[in-house]
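Note sheet for the following structure.
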Amino acid sequence: MKRKDISKLTVDDAKTELAELALLLSTANTAYHGQDEPEIEDATYDALKRRNAQIEAKFPELKRRDSPSDQVGSAPASGFSKIKHAVPMLSLANAFSAEDVHDFADRIAKFLGVTTESLKFTAEPKIDGLSLALRYEDGRLVHAATRGDGETGEDVSQNALKIPSVPQSIKTRLKVLEVRGEVYMTHKDFEELNKRQKIAGEKTFANPRNAAAGSLRQLDATITAQRPLAFFAYAWGETSADLSETQMGAVNTLSDLGFQTNPLMMLADSVEDLIQHYTLIEKQRSSLGYDIDGVVYKVDDLRLQSRLGFRATTPRWAVAHKFPAETAWTRLTEIEIQVGRTGALSPVARLEPVNVGGVVVSNATLHNEDYIKGLDGKGNPIRDGKDIREGDLVQVYRAGDVIPKVADVDLDKRTNDMPFDFAQRLSELGISAQRAEGDAVWRYAGDHPMDEVAIEGLKHFVSRQAFDIEGLGAKQIEMFYYDPDLPVKRPADIFTLQTRDDQNLTKLANRSGWGKTSSENLFRAIDEKRLIPLHRLIFALGIRHVGEIAAKLLSQTFVSWDMFWDVVEKAKSSEDARMTIENIDGIGPIVASSLIDTCHSVSARENILDLVSHLRIEDAQILAPSSSPVSGKTIVFTGTLEKMTRAEAKAKAEALGAKVSGSVSAKTDMVVAGPGAGSKAKKAAELGVDIIDEDAWIEMANSK
DNA sequence: GATCCTCGAGTTCA
DNA sequence: CTCGAGGATC
């Protein structure tokens, strides 16, 4: 391929070529790592990568988020490279009843300060497949990504190109258009595929959804090409201009661009309309030819959508009204008790394996003692108050189509006349435990630490959000824990593995299942994590009530391990130090006590200090100041807001990185005062805090 | 003291 | 994904 001299490239040329190179190189990468014949020779690959770097050097502002120069040599473990979504791919809140749908609409109306009757919604079937984001730049597909964790997905560009209903290029004037939708497989195609798989002696799929997922995530895209996948477009991510003013209009635009959109999408004027459409779609469910698991409702007006904004993981303006889950009856053979890392003892039902909606289930969660008795957390009856006993015939469903649960018990078939006695079972098992007043769970309360607790703690320590040590997963942890020659009983032991192995007569490398390479890889992976960010370390300690978020808050507050540890040490005796912790927004007395008590218990303290002696701890990054003028500020709203409700103003401010408080104090940076503002505005004036009116606030909030 | 939201901890199967 | 419970707010 002939390429222009770099010095003669225009900005547009450069942009187009960078997009081209990104796709080309990532295609080559995947083909290379997918045990396939490399599509291009190494020398060509290197030349293209060099050219990419040269263009980036000349036009640094054009460097792409998915730039090939950032993708170092080897692909990640999964075989697909990662793509960070420009706009996060969120999940939807669920509604399980007409009442939930009414609540959804009323909540929105209240948030916006309008009547429920004035709102319009779209309703469309919720396709049971897997979501896919297709990014087009200047009308050409530059990459395709799975949802992943919502922030970052996997690059499945080559695979997406093999789906007939995914256009390679579209006629649009938009610089950037990210189309989102669902990849699925029809029932007919699914059955034919399984027939072919069976004849070929390959594994068959349990259901169309698994078949679609398995087919899209093929490292070898030529396999994807042989799989009958289809794509419905229903949403969008980043766009360089608005698609429409309404949800319906935007989806119609996608349809005009050549995407398949769902014919059953309609506009509804009222909640009653929504429910009616739900019933209609449910009636057609079995004859659609593809799986759906509910109906999605969205606020039609896109301006209202943007005013409504997002909660932590879901948009406020959409909900998924789920169909009742599929159920199956089976025998509950036994109730077992599992031990968690906090010592929580949770009951699990062992079941005679049964197919529930295409998946074979043999376990189900029973949550806690009360749940088995037929009571929820507040003492209200569930399952009509029926208790669960070993030997019962039970009805099982998968909550959220994932977690198996017991929906019902057939009392007529019951033969066991003994209700399940949680406390008695624990004593039979020789487990000393107690259930605290007002608590739902039983916790281990013996003198000696339980092996199970220690093992779960170690698993937590190496988990993905903690130390994330490659090659040291749950299985290896269990093996090392009971290993007589090379035991790992606490986190610090991980970091002495290699020196201890060096002193041993029988080396890890000589054991069955291990070799020189795998043991060296493990030691290297461990060494790589001797440098660890502070928040990961705090999270990894596994302190009760201190999860990922609390660990980040603590890390942001204290910045360095020394500062953190110093305050925690002093907090036992110094009220001041304790209050420094409790005053962190998001941390209260219970979390603080848990942190302080744990770190002062003799054994934990010793373990922590020992661990830390093997590590270099990276200080917290001070949050980059956001571009918004209100970011990091504390704002108080007072008086009557005329253009938005309180809830909306608060959500908007928080989305911009501000904190919203109810009362004016010395910490307040700004007061937004509407008509009728009284004492708060007065107090603000006394304190010399900035006071602005609603219009000035809106201008500021929108100025970005 | 009630209520909403978010986090933590526990859960299944491919 | 769901439940229980902590934290913030009114």
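These numbers come from a predicted model, not from an experiment. Proteins get letters first, then strands, A, B, ... in listed order; numbering begins at 1 in each.
Taking the side chain of A:T365 as heavy atoms from C-beta on, and the options B:dC13, C:dT2, B:dT11, the nearest nucleotide is B:dT11. Between B:dT12, C:dG6, B:dT11, one nucleotide has an atom nearer to the side chain of A:P404 than all others, and that is B:dT12. Residue A:I549 places its side chain closer to B:dC7 than to any other of B:dC7, B:dG10, C:dC3. Of the candidate nucleotides B:dT11, C:dA8, C:dG7, B:dT11 has the atom nearest to the side chain of A:I403. Taking every side-chain heavy atom of A:D585 into account, C:dA8 is the closest of C:dA8, C:dC3, B:dG10. Considering only side-chain atoms of A:V359, the nucleotide from B:dA9, B:dA14, C:dG7 that sits closest is B:dA14. Taking the side chain of A:N368 as heavy atoms from C-beta on, and the options B:dG10, C:dG4, B:dA14, the nearest nucleotide is C:dG4. Across C:dG6, C:dG4, B:dT12, the shortest atom-to-atom separation from the side chain of A:V348 is found for B:dT12. Candidate nucleotides C:dG4, C:dG7, B:dT12 were compared by shortest atom distance to the side chain of A:A440, and C:dG4 ranks first. Listed nucleotides: C:dA5, B:dG10, C:dC3. Nearest to the side chain of A:T342: B:dG10.
The distance from atom CD1 of A:I543 to atom P of C:dG6 is 17 Å, rounded to the nearest whole Å. The separation between A:N210 atom CG and B:dT12 atom P is 18 Å, rounded to whole Å. The distance from atom CZ of A:R316 to atom P of B:dT6 is 7 Å, rounded to the nearest whole Å. When rounded to the nearest whole Å, the span between CG of A:L554 and P of B:dG8 equals 10 Å. Distance A:I584 CD1 to B:dT6 P: 20 Å, rounded to the nearest Å. In this structure, A:Y397 places its OH atom 8 Å from P of C:dT2, rounding to the nearest Å. A:I372 has its CD1 atom 16 Å from the C1' atom of C:dG4, to the nearest Å. Computed from coordinates, the A:I581 CD1 to C:dG6 C1' distance equals 16 Å when rounded to whole Å.
A residue-by-residue look at A:R398 and A:R107 shows that A:R107 has its nearest nucleotide of DNA chain B further toward the 5' end. Comparing A:S91 and A:L375 along DNA chain C, the residue whose closest nucleotide (by nearest heavy atom) sits nearer the 5' end is A:S91. Residues A:S362 and A:F310 both approach DNA chain B. Their nearest nucleotides, taken by heavy-atom distance, put A:F310 toward the 5′ side.
The 12-atom threshold is exceeded at CD of A:E334, counting heavy atoms of other residues, nucleotides or ligands nearer than 6.0 Å.
Contact check, A:K405 against B:dT12: no side-chain N or O comes under 4.0 Å of OP1 or OP2. Between A:N363 and the phosphate of B:dT11, there is no side-chain N or O to OP1/OP2 separation shorter than 4.0 Å. Note on A:Q338: every side-chain N or O is 4.0 Å or more away from OP1 and OP2 of B:dG10.
Cation-pi check for A:R209 over A:F190 is not met; the charged atom does not lie both under 6.0 angstrom from the ring centroid and within 45 degrees of its normal.
In this structure, A:F111 reaches neither bases nor backbone, as no heavy-atom distance under 4.0 Å exists between it and the strands shown. Residue-level contact check: A:A213 touches neither bases nor backbone, having no heavy atom under 4.0 Å from any strand. Among the heavy atoms of the strands, none lies under 4.0 Å from A:V441. Within 4.0 Å (heavy atoms only), A:A364 reaches no atom of the nucleic acid at all.
The aromatic rings of A:W442 and A:F422 lie parallel to each other, their planes meeting at an angle below 30°, with 60° marking the opposite boundary. Note: A:W317 and A:F310 have perpendicular aromatic rings, judged against thresholds of 30 and 60 degrees for the angle between ring planes.
Rounded to the nearest 0.5 angstrom, A:K198 NZ and A:L193 CG are separated by 13.0 Å.
Aromatic pair A:Y297/A:H321: ring centres closer than 6.0 Å.
In this structure, a donor-acceptor pair under 3.5 Å is present between the side chains of A:N159 and A:T224.
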